[in-house]
Amino acid sequence: MEPGSKVDLGEVDAGFTDKHESHEHALPEIEADVARLRELQYLMYAEGKRSLLICLQGRDAAGKDGTINHVLGAMNPQGCTVTGFKVPSQEEAAHDFLWRYHKAAPARGQVAIFNRSHYEDVLVVRVHDLVPKAVWSERYDLINDFERLLYESGTHILKFYLHIDPEEQLDRFRARIQDPARHWKISDGDYAERPYWDAYSDAFEDALSKCSTRHAPWYVIPANHKWFRNLAIARIVRETLESLDMRFPKPSVDIEEIKRKYHEIADDDVNQAAPSNGENKSGKAKATNGSQQPSNPGSA
Ligand code: AMP
Ligand code: MG
């Protein structure tokens, strides 16, 4: 969403599939994006300078878990965390509303995935009057400030609203009922929230329009078709990571000396195997490590 723009979710086709006819048709693209995603995440981990925060929001059964499983599950667990946010614990509720989210924000080199996020505090909280309007209405600015703080510290932020329509939600609830292996996912709350569909739409629309910024954009993802949702998210995450122009850090050791000393690789072989970017010809590698200052992502 363009910063400052408004969205009418009733006007967004949840069944949109762009130019793709079917899952089979889109599969090669999804697989290529997901494979590249894994490489890029490894590069982010190795580089150790920037980080990525992915927030997944959507109604019950919109596909937050499925997105993590099918798209983001491709990432190497070593550089990735997933945090789900439920009704706040007593300890969480005793702190400012951003406390639990800030603790789960990614460290340099890491990808953090939020399954639900700080937006719950202007969604479920607003729809069910869990705090007075005077409190939740101030939170949009606080959220924007929080996201700017993360961004200024080297964290890139992507926020996905998974858009399904009420018929698709009911179909998915029915599918859960018919599959004993998914009964555990059903809660009374799922059905109890359905009468609040329009109130949630209003709350989502406000969150999306008030909190879509250059550095932390919202994306409305048509999600009736799971494969299209996967394709769209894999593509956006991939393109975002590509745009960071990340590089493997220079080695902290003298590779050429090690080659000569321990592997008996001759000078000629060393030259052939030298890095193609022309850097480091002297063999005097500079030590780099995770203690460097982050580069401002805006300049990346
Ligand atoms: P689920 O994601 O299906 O496991 O459900 C988690 C539940 O926690 C949902 O009903 C959310 O609305 C609820 N929840 C998440 N964050 C908050 C919050 N900050 N305040 C109140 N309820 C929340
Ligand atoms: Mg649920």
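Both counts, for ligands and for their atoms, begin at 1 and track the order of listing.
- Here Y101 has side-chain heavy atoms under 4.0 Å from ligand 1, and that is the only part of it that gets that close.
- Taking all heavy atoms of S187, G189, P88 into account, the minimum distance to atom 20 (N) of ligand 1 is reached by P88.
- For R235, the salt bridge (Lys or Arg N to Asp or Glu O under 4.0 Å) partners two or more places apart in sequence, or in a different chain, are E29, D33.
- Proximity of V125 to ligand 1, defined as any heavy-atom pair under 4.0 Å, is confined to the side chain (atoms from C-beta onward).
- Counted by atom type alone, S117 and Q57 present one or more donor-acceptor pairs between their side chains at under 3.5 Å.
- Classification of the H118-F146 ring pair by plane angle, with boundaries at 30° and 60°, yields perpendicular.
- Considering backbone and side-chain atoms together, K64 places no N or O closer than 3.5 Å to any N or O of ligand 1.
- Looking at heavy atoms from C-beta onward, M44 lies out of side-chain contact with E47 at the 4.5 angstrom threshold.
- For H128, the side chain to side chain contact (heavy atoms under 4.5 Å, CB included) partners two or more places apart in sequence, or in a different chain, are V124, L130, E193, Y196, Y200.
- Listed by number with element, the atoms of ligand 1 under 4.0 Å from a non-hydrogen atom of D121 are 19 (N).
- Ligand 1 is approached by R100 to a heavy-atom distance shorter than 4.0 Å.
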